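On a predicted model such as this, the values are computed, not experimentally measured, just so you know.
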Amino acid sequence: MPASGVAQQSAPQAVPGSDAVAADTPPVDGYELDANPSTYVSRETPTREEDDPPLAMEAMRAVHILNPSGEVTMPRPERTRVMCVANQKGGVGKTTTTVNLAVALALHGNRVLVVDLDPQGNASTGLNVPHHTGVPDVYDCLIDSVPLEEVAQAVEGIPNLWCVPATIDLAGAEIELVSVVARESRLARAIAAYPGQFDYVFIDCPPSLGLLTVNALVAAQEVLIPIQCEYYALEGLNQLINNINLVRQHLNPKLEVSTILLTMYDRRTRLADAVEQDVRNHFGDKVLQAVIPRNVRVSEAPSYGQSVMTYDPGSRGATSYFEAAQEIADRGAKEPVSRNA
């Protein structure tokens with residue numbers, strides 16, 4: 001009997017050949033314990049390296065993305081690339097994609113114009129451009145033929161980036177355009193008459209297939225389609241492709257679907273993998289290798305009037321959009337065409 005007065009008990013011995021569990025391992029109600037501890041780790045649980053990157057690496061990524069030297073690190077195209085960002089399904093990341101790609105390209109030496117063609121004006125908000133009632137906007141260009149350079153605003157803090165804002169007045173443009181002569185090509189004429197020279201013109205479309213979207217498709221040479229990695233995003237894709245084909249046949253023979261970008265990718269789900277494989281099998285090389293993950297920083301940035309590129313340049317969202325912009329720039333450099341006047 002030891003001095004403490006508590007009898008010592010010898011550790012229980014496992015019976016040879018049995019599956020006895022050590023006495024110091026607490027039982028789990030309703031579950032059998034597995035000898036392999038790795039089986040307790042969910043496939044949805046990110047590793048520490050993935051979830052919490054070293055601060056030094058994050059700082060290096062931030063400096064690379066912000067490009068404080070102002071050097072031209074992304075190749076400039078030989079022609080002005082007018083890209084329409086379209087998908088009639090809402091909430092797939094059209095505006096987020098437009099804003100972040102435009103900022104990434106502008107930070108790395110390209111001259112970029114963003115045309116906000118959505119009456120909600122979210123692209124204007126994301127670039128911190130005033131778009132309240134009374135501000136000259138894209139509505140004046142479409143309805144009253146006001147020159148585009150008179151309504152374009154320089155984006156504060158981002159060199160080489162301009163934005164044509166959208167106000168709530170644009171909500172009535174669908175109806176007013178019905179009786180206007182050459183209603184489908186109003187935006188195309190406004191962009192063609194712009195005296196400046198841009199490397200990229202991004203047109204942020206509303207989530208519909210009305211006259212505003214048709215104007216964007218007629219004005220553009222390329223269509224960029226953001227596709228959310230969920231099943232519903234695939235349902236309306238055929239209708240969008242059919243409408244693009246109709247515009248190509250009757251109004252704009254130069255139009256083509258040049259870029260597909262997968263957004264809101266959740267690596268924890270098998271559905272995201274399945275959607276990605278379906279899209280890549282169908283569209284092939286048009287799908288960018290860069291995939292935009294679900295990232296809270298991307299969602300937070302607009303509330304501060306910023307893109308994720310400037311709000312948190314070291315985040316996964318910023319890195320992914322930077323990679324997508326780099327791919328788009330590289331593809332444009334491989335197709336030299338005489339630059340627009």
Side-chain angles (χ1 to χ4, degrees), residues 46 48-77 81 83 85 93-114 122-129 154-163 198-202 204 224 226 229 259-267 287-334:
R48 176 173 177 79
E49 288 75 13
E50 293 173 332
D51 195 49
D52 188 18
L55 292 178
M57 294 298 296
E58 188 170 339
M60 289 177 61
R61 289 202 303 269
V63 171
H64 182 55
I65 288 173
L66 290 175
N67 190 28
S69 66
E71 296 179 3
V72 180
T73 60
M74 289 187 184
R76 298 177 62 187
R81 297 179 67 185
M83 304 187 73
V85 184
K94 291 186 297 295
T95 299
T96 302
T97 295
T98 301
V99 168
N100 287 295
L101 290 179
V103 170
L105 288 163
L107 286 173
H108 289 262
N110 286 265
R111 292 172 54 84
V112 184
L113 174 68
V114 173
N122 290 338
S124 306
T125 300
L127 294 172
N128 199 27
V129 172
V155 177
E156 184 179 357
I158 309 293
N160 304 317
L161 181 58
W162 290 262
C163 176
F198 294 103
D199 298 303
Y200 291 88
V201 177
F202 286 99
D204 183 33
L224 189 159
C229 292
T259 311
I260 307 290
L261 178 62
L262 294 165
T263 63
M264 303 182 190
Y265 180 84
D266 191 341
R267 59 198 168 97
V287 186
L288 296 180
Q289 291 301 313
V291 176
I292 310 303
R294 285 193 180 276
N295 184 260
V296 68
R297 295 304 192 187
V298 174
S299 303
E300 287 175 354
S303 63
Y304 293 88
Q306 298 183 52
S307 68
V308 73
M309 313 301 295
T310 54
Y311 175 67
D312 189 353
S315 65
R316 276 199 204 93
T319 303
S320 299
Y321 271 117
F322 173 80
E323 291 171 353
Q326 184 72 62
E327 277 192 71
I328 290 172
D330 290 341
R331 291 183 178 191
K334 295 176 182 177

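No side-chain donor-acceptor contact under 3.5 Å links Asn128 to the backbone of Glu156. A donor-acceptor contact shorter than 3.5 Å links the side chain of Asn67 to the backbone of Leu107. With Asn110 contributing its side chain and Val112 its backbone, the two residues share no donor-acceptor pair below 3.5 Å.
The closest side-chain heavy-atom distance from Phe322 to His64 is below 4.5 Å. In this structure the side chain of Ile65 never reaches within 4.5 angstrom of the side chain of Tyr321, judged on heavy atoms. Between Leu261 and Thr97 the shortest side-chain heavy-atom distance falls below 4.5 Å. In this structure, Asp330 and Pro75 have side chains that are in contact, with non-hydrogen atoms separated by less than 4.5 Å. Contact of the Ile328 side chain with the Tyr200 side chain is registered, since non-hydrogen atoms from C-beta on lie closer than 4.5 Å. Counting only heavy atoms from C-beta outward, the side chains of Ile292 and Thr96 never approach each other to under 4.5 Å. With contacts defined as side-chain heavy-atom distances shorter than 4.5 Å, the pair Asp312/Glu300 does not qualify. With contacts defined as side-chain heavy-atom distances shorter than 4.5 Å, the pair Phe198/Val201 qualifies.
For Ala329 against Leu105, the heavy-atom pair with the smallest separation is CB-CD2, 4.0 Å. Ala290 and Glu327 make their closest contact through N-OE2, 2.7 Å (heavy atoms, listed as atom of the first residue, atom of the second, distance). Closest approach of Ala106 to Ile158, counting heavy atoms only: CB-CG2, 3.9 Å. Here the closest non-hydrogen pair linking Ser307 and Ala301 is C-CB, 3.7 Å. Across Met309 and Ala104, no two heavy atoms sit closer than the pair CE-CB, 3.8 Å. When all heavy atoms of Gly317 and Val308 are compared, the pair lying nearest together is C-CG1, 4.2 Å.
One finds the NE2 atom of His108 at 4.5 Å from the OG1 atom of Thr73 (value rounded to the nearest 0.5 Å). The OG1 atom of Thr263 sits 8.5 Å away from the CZ atom of Arg294 when rounded to the nearest 0.5 Å. In this structure, CZ on Arg297 lies 12.5 Å from OG1 on Thr319, to the nearest 0.5 angstrom. To the nearest 0.5 Å, atoms CG (Leu161) and CG (Leu113) are separated by 8.5 Å. In this structure, CG on Asp204 lies 13.0 Å from CE on Met83, to the nearest 0.5 angstrom. Atom CD of Gln326 sits about 12.0 Å away from atom CG of Leu101, to the nearest 0.5 Å.
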- [ ] Given side-chain contact (heavy atoms from CB on, under 4.5 Å), test Arg331 with Leu288 step by step and report yes or no.
- [x] CA-CA 10 Å; Arg331 291 183 178 191; Leu288 296 180; 3.5 Å; yes
